[in-house]
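The structure appears right after this line, and notes come after that.
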Number of protein chains: 2
Amino acid sequence: MTRSEENYIKTIFHLGGNSTSPISTNAIAEQMETKPSSVTDMAKKLADKGLVHYKKYQGILLTESGIRLALSIIRKHRLWEVFLVEKLDFTWDEVHEVAEQLEHIKSEKLIDQIDALLGYPKYDPHGDSIPSKDGEFFERDKQLLSDMPKAGVGVCVGVKDTSPTFLKFLDKNQIALGITIEVLEIEEFDQSLTIQIHDKSLNISHQIAANLYVKKQS
Amino acid sequence: MTRSEENYIKTIFHLGGNSTSPISTNAIAEQMETKPSSVTDMAKKLADKGLVHYKKYQGILLTESGIRLALSIIRKHRLWEVFLVEKLDFTWDEVHEVAEQLEHIKSEKLIDQIDALLGYPKYDPHGDSIPSKDGEFFERDKQLLSDMPKAGVGVCVGVKDTSPTFLKFLDKNQIALGITIEVLEIEEFDQSLTIQIHDKSLNISHQIAANLYVKKQS
DNA sequence: ACAAATATTTAGTTTTGTCTAAATTTAATT
DNA sequence: AATTAAATTTAGACAAAACTAAATATTTGT
């Protein structure tokens with residue numbers, strides 16, 4: 001398994017290639033910042049290895065073993081992210097780039113021991129679920145803050161966008177996993193929200209709210 | 001800096017390419033299990049980048065910046081080895097293969113934080129010195145066990161051969177860094193040694209003794 | 001010093017992963 | 001349903017890093 005193959009498998013998974021509707025060559029190319037023709041080439045190779053289903057012009061879908069592989073890579077990526085934050089004082093906007101490299105290290109013992117060292121965490125620093133060693137993972141019950149009604153109260157449990165710019169914005173406004181958010185007002189004009197956090201009120205754009213996951217308080 | 005380039009630089013350093021006598025194409029090829037013609041190709045590329053001095057048929061020598069690069073790779077390799085042993089319960093025969101991969105991860109913060117987490121260790125699990133961040137490193141005062149005289153007493157401070165087979169042999173015989181070794185007898189016939197460790201006597205071949213470093217007791 | 005042996009380089013090929021440009025298929029629109 | 005637009009694939013090329021085989025330099029032995 002080369003690094004490039006692993007990156008394709010991971011990307012296809014993230015684009016929904018584990019479901020039933022195939023992913024287009026174009027979508028993969030765009031996500032990976034490469035050209036559709038390169039994707040076609042790789043699709044053939046991955047199909048030969050039994051990792052994807054591929055029929056010309058019909059898009060790409062992961063096979064069973066493709067999904068297993070994707071989950072193992074995602075598991076490594078997210079465990080490394082936890083490690084970087086918990087043990088090495090990385091901030092959540094710094095981890096992705098390094099985890100992109102670390103996820104390709106080949107050693108089963110290594111990742112199992114990292115898992116143990118961290119106490120078998122279930123979620124990464126962005127709130128995403130970490131697949132177990134045998135490929136199971138459970139998405140947490142969550143909803144976008146932008147889908148909450150006025151006066152709704154929830155706990156921040158994850159982010160959708162994980163770009164450094166967004167994460168730094170959150171830091172600056174003291175929005176972190178675990179904090180309680182109450183929706184005070186939803187502006188009809190631009191869908192921006194006024195929320196209450198840490199006993200202060202703050203106005204955030206719809207786009208911000210559409211990238212924050214919360215768990216509704218029962 | 002590609003992975004392959006880094007591996008060449010590291011190998012040249014280990015073959016003594018930081019001194020004044022150039023390393024031959026053949027020696028590098030043998031060490032890296034590749035062909036001399038491949039080494040020639042890479043020598044040109046590294047020379048273009050200013051990392052080695054290279055004149056046709058005259059062998060290869062690291063430049064100042066080549067040495068700096070080599071030391072930074074070796075620093076990473078050895079710090080990762082310490083991490084694997086200290087934090088993840090790897091044995092000293094398991095670390096090399098994984099550290100070979102980890103040493104190529106590109107993140108200054110990562111390796112600095114690993115260094116801090118480990119408490120700025122000076123030696124790796126095989127007793128080799130870890131270069132500091134600015135490229136300084138001091139070889140410990142040590143000698144081969146095979147060079148010790150009869151009745152000499154020393155503390156094991158390192159190994160020369162770091163192959164899994166050798167290290168497993170040492171484990172099996174409870175030879176580890178820090179233990180005290182006394183030379184009881186040197187056989188004239190085959191230069192094998194009878195040594196005293198842990199209050200037991202043990203006979204080891206000359207080849208074993210020639211791969212164990214000790215620090216003589218004053 | 002000169003021939004034989006050894007070491008090194010050159011030239012041309014291969015593989016992997018990418019690209020461009022052209023050709024082809026599928027989807028969309030009128 | 002035909003034509004245009006968009007997506008996808010093919011064909012051919014390239015760069016990196018390796019290889020083989022042949023050519024050339026250097027070293028060694030007498």
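Letters A, B, ... mirror the listed sequences (proteins, then strands); counts begin at 1.
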*Presence of B/Lys56 side-chain N/O under 4.0 Å of D/dT26 phosphate oxygens OP1/OP2*: no
Rounded to whole Å, CE of B/Met1 lies from C1' of D/dA16 at a distance of 13 Å
Rounded to whole Å, CE of A/Met32 lies from C1' of C/dC19 at a distance of 15 Å
Between CD1 of A/Ile60 and P of D/dA7 the distance, given in whole Å, is 15 Å
Would you tell me if any nitrogen or oxygen in the side chain of A/Ser4 comes within less than 4.0 Å of OP1 or OP2 on C/dT18? yes
Does B/Tyr57 have a side-chain nitrogen or oxygen under 4.0 Å from the phosphate oxygens OP1 or OP2 of C/dT10? no
On DNA chain C, more 5' by nearest nucleotide between B/Thr25 and A/Glu5 is B/Thr25
Side chains of B/Asp93 and B/Thr91: any donor to acceptor distance under 3.5 Å?
yes
Considering only heavy side-chain atoms of A/Thr40, the closest of C/dT10, D/dC19, D/dT10 is D/dT10
Closest heavy-atom pair, B/Ala99 versus B/Trp80, reported as atoms and distance to 0.1 Å, is CB-CB, 4.4 Å
From the list A/Ile23, A/Leu69, A/Ile73, A/Ile74, side chain to side chain contact (heavy atoms under 4.5 Å, CB included) partner of A/Phe13 resolves to A/Ile74
* Given C/dT9, is OP1 or OP2 found less than 4.0 Å from the side-chain N or O atoms of B/Lys44? -> no
The reported gap from CD in A/Glu100 to CZ in A/Arg3 (rounded to nearest 0.5 angstrom) is 10.0 Å
Practice item. Give a yes/no answer on whether the side chain of A/Tyr54 brings an N or O atom under 4.0 Å of OP1 or OP2 in D/dT9. Key: yes
Within residues 66-74 of chain A, those residues having any heavy atom closer than 4.0 Å to DNA chain D are none
Is a donor-acceptor contact shorter than 3.5 angstrom present between the side chain of A/Ser37 and the base of D/dT8? no
Separation of C/dT16 atom P from A/Leu46 atom CG, nearest Å, is 13 Å
When rounded to whole Å, the CG to C1' distance for the pair A/Asp41 and D/dT10 reads 9 Å
Could you tell me if A/His206 and A/Gln191 have a donor-acceptor pair between their side chains, going purely by distance under 3.5 Å? no
Between CD of A/Glu30 and C1' of D/dT8 the distance, given in whole Å, is 15 Å
Between CD of A/Glu6 and P of C/dT16 the distance, given in whole Å, is 16 Å
Is the side chain of B/Asp124 donor-acceptor paired with the backbone N or O of B/Glu81 at a distance under 3.5 Å, no angle test?
-> no
Here the distance between atom P of C/dT16 and atom NZ of A/Lys35, to the nearest Å, is 24 Å
### Query
Between B/Phe83 and B/Val95, is any pair of side-chain heavy atoms under 4.5 Å apart?
no
message = Strictly below 4.0 Å: does A/Ser38 bring a side-chain N or O up to OP1 or OP2 of C/dC19?
response = yes
Residue pairs passing the side chain to side chain donor-acceptor pair (under 3.5 Å) test with at least one member in residues 158-171 of chain B, sequence neighbours excluded, are B/Trp92-B/Asp171, B/Asp161-B/Ser163, B/Ser163-B/Thr165
* **B/Asn26 side-chain N/O to C/dT6 phosphate OP1/OP2 under 4.0 Å** => no
